[in-house]
Amino acid sequence: MTHRVIDCLANVHFGETEQQPTFMKKVRDDYFKGPTSMYDPIDLAALLDEMDAHGVRKAILMDSLAKPSVTARTFVEAHPERFALAMGGVNLLRPIPSLRELAAITKDLPVAYTVVGPSFWADGQYPPSDAVYYPLYTKCAELGLPLCVNTGMPGPPIPGEVQNPIHLDRVCVRFPELKLCMIHGADPWWDIAIRMLLKYQNLRLMTSAWSPKRLPDSLLHYMRTRGPSKIIFASDYPVLRMERVVPEALALDLPAEVLDNYLYNNAAEFFFGETGNREN
């Protein structure tokens, strides 16, 4: 196997919830047309087998300050060479205790990035340009910790306008030191996202929750031309399985070096600070 992959967003915590909320069921049934088993508990050995079968060297597992994932932390403890954490659950309305906890956790656990979904809290009232996010931006910049922000129309039936990438324009201007990544694509605002990527050095885009074969031509053109270092692969496992999305990514009409950047190098550099991996 010649390809290398870092899967930058996987959910192993779904099975910890006995009864998924209605909006999560609607995402599974109406949006992704997924099986009822999508939210079942994840078996570590089965996950490692799927990773090995598709060249996934490392996966970043969702976790939360508000509701820590026993599964994610158990997997990281068992295989720190294969897993890292993405830490959500920061209380942006009472930020100081949460940010102290975030800083402490980054010293004890392998946290690759922190994450926030503007549509998913406070009824989608606050776009990322709102000052309520500023303590989080400041702390992440101070720690050198990348921050991922959901962009694009969300799958659940909740307000989506706050996830228009244009709201990050002012953020990039005011916090140029912040390593910022748009996640879950940017549909229907792909062109805005690409223009933002051209404009800001520290901005990236992750294609989590997107089938690679459904990525727009405009994004693939950007990857081939001006943005080979800007786009990052992820599955959103088990919403989309690695066994599906890795082969789809390998089938994209991309030069070999661009594909390697997309699947591995861009994440290795942005989230893990690794350099010298590019096979030029």
Side-chain angles (χ1 to χ4, degrees), residues 7-11 23-34 38 60 62 86 88 113 115-121 123-129 147-172 180-200 203-228 230-242 244-249 251-254 258-259 262-263 266-267 270:
D7 188 340
C8 291
L9 200 162
N11 304 281
F23 80 86
M24 289 290 284
K25 293 179 181 178
K26 287 185 71 65
V27 169
R28 179 193 64 197
D29 300 336
D30 300 342
Y31 200 73
F32 286 100
K33 308 294 184 183
M38 182 182 288
I60 301 175
M62 289 297 298
Y113 61 83
V115 61
V116 64
S119 288
F120 290 84
W121 70 280
D123 297 321
Q125 294 182 63
Y126 299 101
S129 55
L147 171 65
C148 290
V149 178
N150 287 33
T151 48
M153 193 63 67
I158 56 179
E161 189 277 334
V162 291
Q163 295 191 170
N164 187 325
I166 195 62
H167 294 299
L168 297 175
D169 190 37
R170 291 182 183 275
V171 177
C172 292
L180 190 62
C181 182
M182 300 176 277
I183 62 172
H184 297 338
D187 190 71
W189 303 295
W190 293 104
D191 288 344
I192 293 173
I194 291 168
R195 186 65 187 88
M196 297 273 290
L197 289 164
L198 287 166
K199 187 176 179 183
Y200 296 113
L203 186 63
R204 301 291 187 274
L205 183 142
M206 186 192 298
T207 62
S208 47
W210 273 85
S211 165
K213 70 179 181 181
R214 301 194 187 280
L215 293 174
D217 290 340
S218 58
L219 186 73
L220 297 176
H221 174 75
Y222 172 69
M223 293 168 70
R224 295 185 202 104
T225 55
R226 297 182 65 180
K230 289 296 196 90
I231 310 302
I232 293 172
F233 172 82
S235 67
D236 204 24
Y237 173 95
V239 176
L240 293 176
R241 299 292 296 258
M242 299 172 193
R244 172 185 172 181
V245 293
V246 173
E248 285 187 9
L252 292 173
D253 182 19
L254 294 172
V258 174
L259 183 63
Y262 172 50
L263 290 175
N266 295 343
F270 195 71

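Excluded from the calculations below are hydrogen atoms, water molecules and symmetry mates; all remaining heavy atoms, backbone and side chain alike, are included.
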What I'd like to find out is whether the side chain of [X] reaches to under 4.5 Å of the side chain of [Y], using heavy atoms alone.
X      : Y      : answer
Val245 : Trp210 : no
Met62  : Leu9   : yes
Val171 : His167 : no
Ile231 : Leu215 : no
Leu168 : Met182 : yes
Val149 : Cys181 : no
Val246 : Asp7   : no
Glu248 : Ser211 : yes

How many angstroms lie between atom [atom1] of [X] and atom [atom2] of [Y], to the nearest 0.5 angstrom?
X      : Y      : atom1 : atom2 : answer
Arg224 : Leu259 : CZ    : CG    : 11.5 Å
Thr207 : Ile232 : OG1   : CD1   : 9.0 Å
Trp189 : Ile166 : CH2   : CD1   : 11.5 Å
Trp190 : Asp217 : CH2   : CG    : 11.5 Å
Tyr113 : Ile60  : OH    : CD1   : 5.0 Å
Cys8   : Phe233 : SG    : CZ    : 8.5 Å

After noting the C-alpha distance and the side-chain angles of Tyr200 and Asp169, does the key distance pass the side chain to side chain contact (heavy atoms under 4.5 Å, CB included) rule? CA-CA 9 Å; Tyr200 296 113; Asp169 190 37; 2.5 Å; yes
Check: [X] side chain, [Y] main-chain N or O, donor-acceptor pair, under 3.5 Å:
X      : Y      : value
Gln163 : Gly152 : yes
Lys230 : Met223 : no
Asp123 : Gln125 : no

When you look at Asn164 and Thr151, which way does the side chain to side chain contact (heavy atoms under 4.5 Å, CB included) test go after all the steps? CA-CA 6 Å; Asn164 187 325; Thr151 48; over 6 Å; no
Arg170 CZ: over 12 foreign heavy atoms closer than 6.0 Å: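 Incorrect, the count does not exceed 12.
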Taking salt bridge (Lys or Arg N to Asp or Glu O under 4.0 Å) as the definition, give me every residue that meets it alongside Arg241, ordered by chain and number, with sequence neighbours left out. Glu50
Contact summary for [X] and [Y], nearest pair of heavy atoms:
X      : Y      : value
Pro165 : Ile192 : CB-CG2, 4.1 Å
Ala249 : Leu263 : CB-CD2, 3.8 Å
Gly124 : Val162 : O-CG1, 3.1 Å
Pro118 : Asn150 : CD-O, 3.7 Å
Pro212 : Leu252 : O-CD2, 3.4 Å
Pro154 : Gly160 : CD-CA, 3.5 Å

Indicate whether any N or O donor in one side chain lies under 3.5 Å from an N or O acceptor in the other, for Asp236 and Ser208. no
The test is side chain to side chain contact (heavy atoms under 4.5 Å, CB included); show your working for Met153 and His184 and say whether it passes. CA-CA 9 Å; Met153 193 63 67; His184 297 338; over 6 Å; no
With sequence neighbours excluded, residues passing ring-ring contact (aromatic ring centres under 6.0 Å, His included) with Tyr237: none
Any idea how Tyr126 and Trp121 line up, ring-wise: parallel (<30°), tilted (30 to 60°), or perpendicular (>60°)? parallel
Verdict with reasoning, Tyr222 to Leu198, per side chain to side chain contact (heavy atoms under 4.5 Å, CB included): CA-CA 9 Å; Tyr222 172 69; Leu198 287 166; 3.6 Å; yes
